[in-house]
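In what follows, chains are A, B, ... by sequence order, proteins preceding strands, each numbered from 1.
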Amino acid sequence: MICENFIEEIIEKELSEGKVSAVQTRFPPEPNGYLHIGHAKSLCLNFGVAKKFGGKCNLFFDDTNPSKEKTEYVDAIKEDIKWLGFEWAEIHYASDYFDVIYSLAEKLILDGKAFVCDLSGDEIRALRGTLTEPGKESPYRNRTVEENLKLFREMRDGKYADGEKVLRAKIDMKSPNINMRDPVIYRVLHAEHHRTGNKWCIYPMYDFAHPICDSMQKVTHSLCTLEFEDHRPLYNWTVENTGVEHKPRQIEFARLNVTNLVMSKRYLKKLVEESSVDGWSDPRMPTLTGLRNRGVPSDALKKFCDEIGVAKSNSEIEISYLEHFIRDNLNQNAERAMAVVEPLKVVIDNFDASEEVEVEINPNKPELGKRNVLFTKEIYIEQSDFSLNPPPKYFRLKPDGVVRLKGAYIVKYENAVLNDDGSVKEVHVSIVENSKSGNDTSGVKCKGTIHWVSAESFVPCEIRKYDYLLKDAEYQGQDFSERINENSRTIYQGVCEKYIDSVETGSCFQMLRTGYYKKMVDGEKIILSEIVSLKDSFKK
RNA sequence: UGGGGUGUCGCCAAGCGGUAAGGCACUGGAUUUUGAUUCCAGCAUUCGUAGGUUCGAAUCCUGCUACCCCAGCCA
């Protein structure tokens, strides 16, 4: 078997040595927000590894902190995972294991490996030491087993207020690894849990709950991000000292960073709460639901995740790499339609009838056939597709020039009508005889082809161009909402061919030469949100 | 000044002692009913750095250096 990354190599080796038999992984989000593109990497890794070795991957909600978690988030997370096309083997919640976790905590107490500590948060911090100085033992460290058990049960029974007491693992206050300095493993928290309600008023900490839950699910490989490397000794300590039967192995990898994309959940949440964006699904958001709304195909995202690799070095991927996969996918699959963002009226002087011309739905999929587009005397083209004073090598419409109207005829420039301010009001052209698309016997050479929309049958629409959220704004402490409104969304009034009425919602189509857009129906309006610009060929 | 990690092209990333894959980006050139797509070509004498071992090192050893993470009763 060919391993794609170091994690697969580790697993392959364990498999061949007989250390594990069946591979079991889990995708472990905390339901405290929506999934973003960073989670996609973890999703692809966990599901990918399981699939590769014929194992299973569970969906596991790490809901040990009721003050931050909501059912809304667990539902949204499930939806996003389905959108990506992954199917979890089983679904579990840390809260399903609260009883087990609690009893293992009691076992630790019974074994003299945990104690109830009365120190306040500040006091614990003070005694923890620093990065360079060892910590000091809590004065409550040597309570008897009986006393600890009694106090812990009282904690569970609600005798104490938040912060009054905690349960700590008895490990080593002098450890150079701060996580091992008698870490808190249970805290009092009188908060309603979105699943267990008010059954509990004490909740286990991540470091204690996670390894136990992994073990209960028979997870063999617990994949997490680099910042948990320091926690691995504690993870292993918990596995060993609680005596759980299955002993999972934690392996860390570098989290995904993408240039210019804001990825911090706390910041995204802030944007939503401030209404700086239209919720978690706003197309400018780097959330999975935002990307979906933007029109990003899930396959493109998965391909991206597969190709960026899995390693341990901190990396930041350029957004152009993501865009490459989106473009590649859309180019292959998107159904085309024509739309004009900044319309310029063109009148065809020698054409008074109207006719339907055929245009391919997708040049890469001829089997999809063609669509009919109404061609009329008056049409709209892109303002940028006409120039009165063209630069050298300008192949679009210009004085005394010819240009092909996509799917229709070659037209020849006649004259331009100007507004009072000198801007172009409309352009008059004439059809070159025998130049119809597919039957061109005119012999006229024409280097440029442009898109157009009939002035008779177009659908007026609001076209929104979305940029990504800008990361630098986060760091420069600017007024987020202002910046977003200024820079991240541009609304155009545009027109597009009537055909798009028949395009199903959610299908993507090409905004010719400008980019790829997704159609969204918003009441009577059709909104096109730009997904990602194609390479701008005119930039030079 | 403690501990844990990581340093291979602008960005990712293979490489696991035998003489630097691949992708993105970029640059040429060819085809093209959208200057897109497609195609073909170019793009690290060098692997953070200084030494050492070896016939031979990005790969092994040693020192140095840079960057990231850890002092939540968050995950």
Problem set entry | Length of the CZ-P vector between A:Phe253 and B:C69, whole Å | 17 Å
For this session: Could you give the distance separating B:U45 and B:A20 at their P atoms, to the nearest angstrom?
Result: 11 Å
Exercise. Once the angle between the rings of A:Phe98 and A:His193 is folded into 0 to 90°, is it parallel (under 30°), tilted (30 to 60°) or perpendicular (over 60°)?
Worked result: perpendicular
Exercise. Hey, is the side chain of A:Ser437 pairing donor to acceptor with the base of B:U33 inside 3.5 Å?
Worked result: yes
Seminar exercise, completed: As its Watson-Crick or G-U partner within any shown strand, both distances under 3.5 Å, B:U33 has none
Exercise. Does A:Arg125 make a side-chain N or O approach to OP1 or OP2 of B:G72 shorter than 4.0 Å?
Worked result: yes
Exercise. How close or far is atom C1' of B:A13 from atom CZ of A:Phe6, stated in whole angstroms?
Worked result: 13 Å
Seminar exercise, completed: Any strand, both distances under 3.5 Å, Watson-Crick or G-U wobble: B:U59 pairs with none
Problem set entry | Interatomic distance at P, B:C12 relative to B:A50, whole Å | 23 Å
For this session: Rounded to the nearest angstrom, tell me the gap between atom CG in A:Asn362 and atom P in B:U33.
Result: 17 Å
Exercise. So, A:Thr196 versus A:Ser95: side-chain donor-acceptor pair below 3.5 Å or not?
Worked result: no
Exercise. Among B:G2, B:C16, B:G35, which is the nearest nucleotide to the side chain of A:Glu9?
Worked result: B:C16
Exercise. Whom does B:C67 pair with, Watson-Crick or G-U wobble, provided both distances fall under 3.5 Å?
Worked result: B:G5
Show the distances under 3.5 angstrom between N or O atoms of the protein and N or O atoms of nucleotides 5-7 of chain B.
| residue | atom | partner | partner atom | Å |
| --- | --- | --- | --- | --- |
| B:G5 | O2' | A:Glu229 | OE1 | 3.3 |

Exercise. Under 4.0 angstrom, heavy atoms only, what part of the nucleic acid is A:Ile124 near: base, sugar-phosphate, or nothing?
Worked result: base
Exercise. Base, sugar-phosphate, or nothing: which does A:Gly438 touch, judged by heavy atoms less than 4.0 Å apart?
Worked result: base
Exercise. Can a side chain N or O of A:Thr64 be found less than 4.0 Å away from OP1 or OP2 on B:A75?
Worked result: yes
For this session: Find the distance A:Gln332:CD to B:A36:C1' and express it as a whole number of Å.
Result: 13 Å
For this session: Would you classify B:G72 as syn or anti? Syn applies when the glycosidic angle is within 90° of 0.
Result: syn
Problem set entry | Presence of A:Arg128 side-chain N/O under 4.0 Å of B:G72 phosphate oxygens OP1/OP2 | yes
For this session: Return the residues of residues 161-174 of chain A meeting this criterion: a heavy atom under 4.0 Å from some atom of RNA chain B. Order them by number, or give none.
Result: A:Gly163, A:Val166
Exercise. Below 3.5 Å, does any donor atom in the side chain of A:Glu318 face an acceptor in the base of B:G10, or the other way round?
Worked result: yes
Problem set entry | Within 6.0 Å of CD in A:Glu433, more than 12 heavy atoms from elsewhere | no
For this session: Take atom P in B:G28 and the same atom in B:U33, then report the distance between them in whole Å.
Result: 23 Å
For this session: May I ask you to check whether A:Asn32 and A:Lys269 show a side-chain donor-acceptor distance below 3.5 Å?
Result: no
When the side chains of residues 299-308 of chain A are checked against the rest of the protein, which donor-acceptor pairs come out under 3.5 Å, sequence neighbours left out?
| residue | atom | partner | partner atom | Å |
| --- | --- | --- | --- | --- |
| A:Lys302 | NZ | A:Leu84 | O | 2.7 |

Exercise. Of the nucleotides B:A75, B:U37, B:G3, which has the atom closest to the A:His231 side chain?
Worked result: B:A75
Problem set entry | Separation of the C1' atoms in B:C9 and B:A21, to the nearest angstrom | 13 Å
For this session: Can you tell me the distance, in whole Å, between the CG atom of A:Asn5 and the P atom of B:G23?
Result: 20 Å
Exercise. For A:Asp62, which contact category applies under a 4.0 Å heavy-atom criterion: base, sugar-phosphate, or nothing?
Worked result: sugar-phosphate
Exercise. Is it the case that A:Ser67 and A:Asn65 place a side-chain donor and acceptor less than 3.5 Å from each other?
Worked result: yes
Seminar exercise, completed: Judged by nearest nucleotide, the residue sitting upstream toward the 5' end of RNA chain B, A:Glu4 or A:Cys446, is A:Glu4
Exercise. Do A:Tyr203 and A:Arg187 have a side chain donor and acceptor closer than 3.5 Å?
Worked result: no
For this session: Could you list the residues that satisfy side chain to side chain donor-acceptor pair (under 3.5 Å) with A:His92, not counting sequence neighbours?
Result: A:Glu90, A:Tyr97
Exercise. Rounded to the Å, how far apart are A:Asn364 CG and B:C39 P?
Worked result: 11 Å
Problem set entry | Integer angstrom distance from the C1' of B:U59 to that of B:G48 | 15 Å
Exercise. Does B:C24 pair with anything, Watson-Crick or G-U wobble, both distances under 3.5 Å, and if so, with which nucleotide?
Worked result: B:G10
Problem set entry | From B:A13, B:G72, B:G35, nucleotide with atom closest to A:Ala311 side chain | B:A13
Exercise. With sequence neighbours excluded, what pairs up with A:Pro211 under the side-chain contact (heavy atoms from CB on, under 4.5 Å) test?
Worked result: A:Tyr235, A:Thr238, A:Val239
Exercise. What integer number of Å spans the P atoms of B:G22 and B:G42?
Worked result: 11 Å
For this session: Give the rounded distance in Å between these two atoms: CD of A:Gln250 and P of B:A75.
Result: 14 Å
Problem set entry | Partner residues of A:Asp80 under the salt bridge (Lys or Arg N to Asp or Glu O under 4.0 Å) criterion, sequence neighbours left out | A:Arg292
Exercise. Rounded to whole angstroms, how far apart are CZ on A:Phe304 and P on B:G22?
Worked result: 21 Å
For this session: For A:Leu131, answer base if it contacts any base atom (sugar-phosphate contacts may also be present), sugar-phosphate if it contacts only those atoms, and nothing otherwise; contact means non-hydrogen atoms under 4.0 Å.
Result: base
Exercise. If you measure from the P atom in B:U38 to the same atom in B:G23, how many Å do you get, rounded?
Worked result: 13 Å
For this session: Remember a base hit wins even if backbone is also touched, and classify A:Glu30 as base, sugar-phosphate or nothing at under 4.0 Å, heavy atoms.
Result: sugar-phosphate
Exercise. Under 4.0 angstrom, heavy atoms only, what part of the nucleic acid is A:Tyr203 near: base, sugar-phosphate, or nothing?
Worked result: nothing
Problem set entry | Closest nucleotide among B:C74, B:U33, B:G15 to the A:Arg404 side chain | B:U33
Exercise. Who are the salt bridge (Lys or Arg N to Asp or Glu O under 4.0 Å) partners of A:Glu12, not counting sequence neighbours?
Worked result: none
Problem set entry | Nucleotide nearest A:Ser320 (side chain, heavy atoms from C-beta), chosen from B:G72, B:A71, B:A25 | B:A25
Seminar exercise, completed: With sequence neighbours left out, the residues meeting salt bridge (Lys or Arg N to Asp or Glu O under 4.0 Å) with A:Arg404 are A:Asp440
Seminar exercise, completed: Against the side chain of A:Ser315, the closest entry in B:U37, B:C74, B:A13 is B:A13
For this session: Check side-chain contact (heavy atoms from CB on, under 4.5 Å) between A:Lys447 and all other residues, then give those that pass, not counting sequence neighbours.
Result: A:Phe395
Exercise. Of the residues in residues 177-192 of chain A, which ones touch RNA chain B at a heavy-atom distance under 4.0 Å?
Worked result: A:Ile178, A:Val184, A:Arg187
Exercise. When the C1' atoms of B:U46 and B:A36 are considered, how many whole Å apart are they?
Worked result: 37 Å
Problem set entry | For A:Val272, all residues meeting side-chain contact (heavy atoms from CB on, under 4.5 Å), sequence neighbours excluded | A:Val277, A:Trp280, A:Met285
Problem set entry | RNA chain B: 5'-proximal contact among A:Ser120 and A:Tyr321 (nearest heavy atom) | A:Tyr321
For this session: Not counting sequence neighbours, which residues clear side-chain contact (heavy atoms from CB on, under 4.5 Å) with A:Pro391? List them please.
Result: A:Ser387, A:Tyr394
